[in-house]
Amino acid sequence: MKIIVSAGGTGGHLYPALALVDYIKTQDKDAQFLFVGTTDRLESQVVPQLGYHYRGLKVKGLVGNPLQKLKNALIFVNSLGASKKILKEFQPDIVIGFGGYPSASIVLAASQKHIPTMIHEQNSIIGLTNKILIKRVDKIVCCYEKAYHNFPEEKTVLLGNPRASVVSSKELHDIHDLYQIEKNKKTVVIVMGSLGSSSVNEIMKDALKKMQHENYDVIYVTGKNFYDSMKEELNDLNKSIHLVPYIDDMPSLISSCDLIVSRAGATTLAEITALGAASLIIPSPYVVANHQEYNAKELVDKQAAHWILEKDLNADSFVEEVNLLLSDEKMLQTLKHNARELGKPHACQDIYQEILKTLERK
């Protein structure tokens with residue numbers, strides 16, 4: 001089987017694509033892959049380093065003033081020609097788009113050449129690229145009911161995010177061992193994405209000073225760019241507050257902490273639900289179409305998470321909510337159970353089977 005995978009711009013698009021490819025390799029030793037993305041974004045660096053064949057397209061998002069949008073639209077038209085050349089050279093059996101504007105070019109070109117196509121939508125709000133492709137593709141895979149109901153029912157399946165399969169099969173470690181925390185102490189992990197959040201960091205400076213007097217430990221991920229300044233300002237906190245710039249093994253912390261406080265990125269919530277963790281979500285309001293709030297709402301509506309919108313966030317309300325959750329073991333267990341019910345730990349397997357079905361129908 002020869003597969004072109006396109007995922008552009010952000011890790012939220014790229015890492016689910018990589019997870020699916022890694023799984024397919026375990027099922028089909030002869031499978032060949034070609035990644036198609038941008039020439040200058042994250043995927044152009046990460047994918048070649050992992051040893052996969054990669055082709056970059058010169059494409060830009062349809063953003064900016066009207067003149068800039070027109071220029072970018074012309075660039076997109078040119079990228080269709082480049083995409084068709086890639087298709088002719090590689091001769092794929094199927095083309096799968098994971099979002100981001102490079103996906104639009106290669107998936108649309110494949111559709112025009114009657115090559116089987118599939119798209120994957122990670123968020124509850126359908127991204128612009130996938131909106132463009134809805135009528136042209138053969139199969140649509142999504143992760144949230146809201147997205148599912150906005151796609152054509154006859155060709156859409158709700159199978160989840162491939163990252164859920166990765167964390168479900170990963171060897172996990174205990175947070176108490178990783179941070180030398182007493183086994184009987186509860187732990188809270190607070191992480192606002194790999195880069196951190198300047199706005200939340202300001203609030204957490206006061207919140208952490210209050211939390212150091214509580215009977216639990218806190219792992220606070222500042223983000224690499226903020227670590228030094230946060231460490232300097234909070235250097236007098238007691239040993240129950242652990243400041244770290246970044247976490248490599250997030251699944252282990254999610255699985256073994258008592259409460260995870262996080263943003264509502266698609267990959268993060270896929271991991272939280274797959275691992276059945278109790279969570280307090282602070283959706284980022286700085287994303288396209290406010291999609292993180294909609295992602296979080298699906299968990300909150302099903303009593304699988306609590307949330308605080310950033311506009312309502314302050315140190316007192318945050319610490320009060322954390323203390324309330326940690327003092328209510330029944331509530332924590334309810335959140336964990338309901339999160340696990342929403343999890344899709346077999347996402348990779350299910351998506352792979354859908355790929356095979358799509359090829360059979362062609």
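Values reported hereafter were calculated over all heavy atoms of this structure, with side chains retained and with hydrogens, waters and symmetry mates removed.
Heavy atoms from other residues, nucleotides or ligands lying under 6.0 Å from CD of Gln303 number 12 at most. Remark: Lys336 NZ is packed, more than 12 non-hydrogen atoms of other residues, nucleotides or ligands lying under 6.0 Å away. Within a 6.0 Å sphere centred on OH of Tyr294, heavy atoms belonging to other residues, nucleotides or ligands number 12 at most. Other residues, nucleotides and ligands contribute only 12 or fewer heavy atoms inside 6.0 Å of the NZ atom of Lys88. Within a 6.0 Å sphere centred on NE2 of His242, heavy atoms belonging to other residues, nucleotides or ligands number more than 12. The neighbour count for Glu320 CD, taken as heavy atoms of other residues, nucleotides or ligands under 6.0 Å away, does not exceed 12. Enclosure of atom CG in Asn215 is not indicated, since only 12 or fewer non-hydrogen atoms of other residues, nucleotides or ligands lie within 6.0 angstrom. Shown here is Glu232, whose CD atom has no more than 12 heavy atoms of other residues, nucleotides or ligands within 6.0 Å.
Remark: aromatic rings of Phe35 and Tyr52 are close, center separation under 6.0 Å.
At a threshold of 4.0 Å, the pair Lys185-Asp217 counts as salt-bridged, since one of the basic side-chain nitrogens sits closer than that to a carboxylate oxygen. The residues Lys344 and Asp350 are annotated as not salt-bridged, no charged nitrogen and carboxylate oxygen being separated by less than 4.0 angstrom. A salt bridge links Glu310 with Arg263: at least one charged nitrogen is closer than 4.0 Å to a carboxylate oxygen. One finds no salt bridge joining Lys311 and Glu293 here, because no Lys/Arg side-chain nitrogen approaches an Asp/Glu carboxylate oxygen to under 4.0 Å. In summary, Arg163 and Glu271 engage in a salt bridge, as defined by a charged side-chain N under 4.0 Å from a carboxylate O. A salt bridge is defined here as a Lys NZ or Arg NE, NH1 or NH2 lying under 4.0 Å from an Asp or Glu carboxylate O, and Arg55 with Glu89 meets this definition.
Defined by atom type and a distance below 3.5 Å, a donor-acceptor pair is missing between the side-chain atoms of Asn161 and Gln122. Side chains of Asp28 and Tyr23: no donor on one and acceptor on the other come within 3.5 Å. Asn201 and Ser198 share no donor-acceptor pair across their side chains, judged by distance under 3.5 Å alone. Side-chain N/O atoms of Glu329 and Gln333 include a donor and acceptor closer than 3.5 Å. With no hydrogens or angles considered, a side-chain donor-acceptor pair links Ser124 and Asn295 at under 3.5 Å. Donor-acceptor pairing under 3.5 Å is recorded for the side chains of Gln112 and Lys84.
A distance-only check finds a donor-acceptor pair linking the side chain of Ser256 to the backbone of Ile175 [under 3.5 Å]. No side-chain donor-acceptor contact under 3.5 Å links Thr156 to the backbone of Glu153. The closest donor-acceptor contact from the side chain of Ser255 to the backbone of Pro251 lies under 3.5 Å. With His337 contributing its side chain and Thr334 its backbone, the two residues share no donor-acceptor pair below 3.5 Å. A donor-acceptor distance shorter than 3.5 angstrom exists from the side chain of Ser327 to the backbone of Asn323, with no hydrogens or angles considered. Side chain of Gln292 to main chain of Ser284: a donor-acceptor pair is present (N/O by atom type, distance under 3.5 Å, no hydrogens or angles). His120 contributes a side-chain N or O that, together with a main-chain N or O of Gly160, makes up a donor-acceptor pair within less than 3.5 Å. Judged purely by atom type and a 3.5 angstrom limit, Thr273 uses its side chain to pair as donor or acceptor with the backbone of Leu269. Asp177 places no side-chain N or O within 3.5 Å of a backbone atom of His173 that could act as its donor or acceptor partner. Panel note: side chain His13, backbone Ala7; no donor-acceptor pair is recorded below 3.5 Å.
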Check: Where do Glu182 and His176 land on the side-chain hydrogen bond (donor to acceptor under 3.5 Å, both in side chains) test, with the steps shown first?
Finding: CA-CA 6 Å; Glu182 295 176 31; His176 297 83; over 6 Å; no
Checklist line | Residue pair Asp316, Lys210: steps toward the salt bridge (Lys or Arg N to Asp or Glu O under 4.0 Å) verdict | finding: CA-CA 8 Å; Asp316 289 331; Lys210 298 173 185 293; 3.2 Å; yes
Next item on the list: Check step by step if salt bridge (Lys or Arg N to Asp or Glu O under 4.0 Å) holds for Glu354 and Lys139.
Entry: CA-CA 8 Å; Glu354 206 60 47; Lys139 203 71 187 180; 3.4 Å; yes
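The shortest distance between side-chain heavy atoms of Ile241 and Leu234 does not fall below 4.5 Å.
Both the sub-6.0 Å distance and the 45° axial angle are not jointly satisfied by Lys186 relative to the ring of Tyr216.
Between Cys257 and Thr187, the closest heavy-atom pair is CA-OG1, 3.3 Å. Here the closest heavy-atom approach between residue Ser83 and residue Leu57 is recorded as OG-CD1, 3.5 Å.
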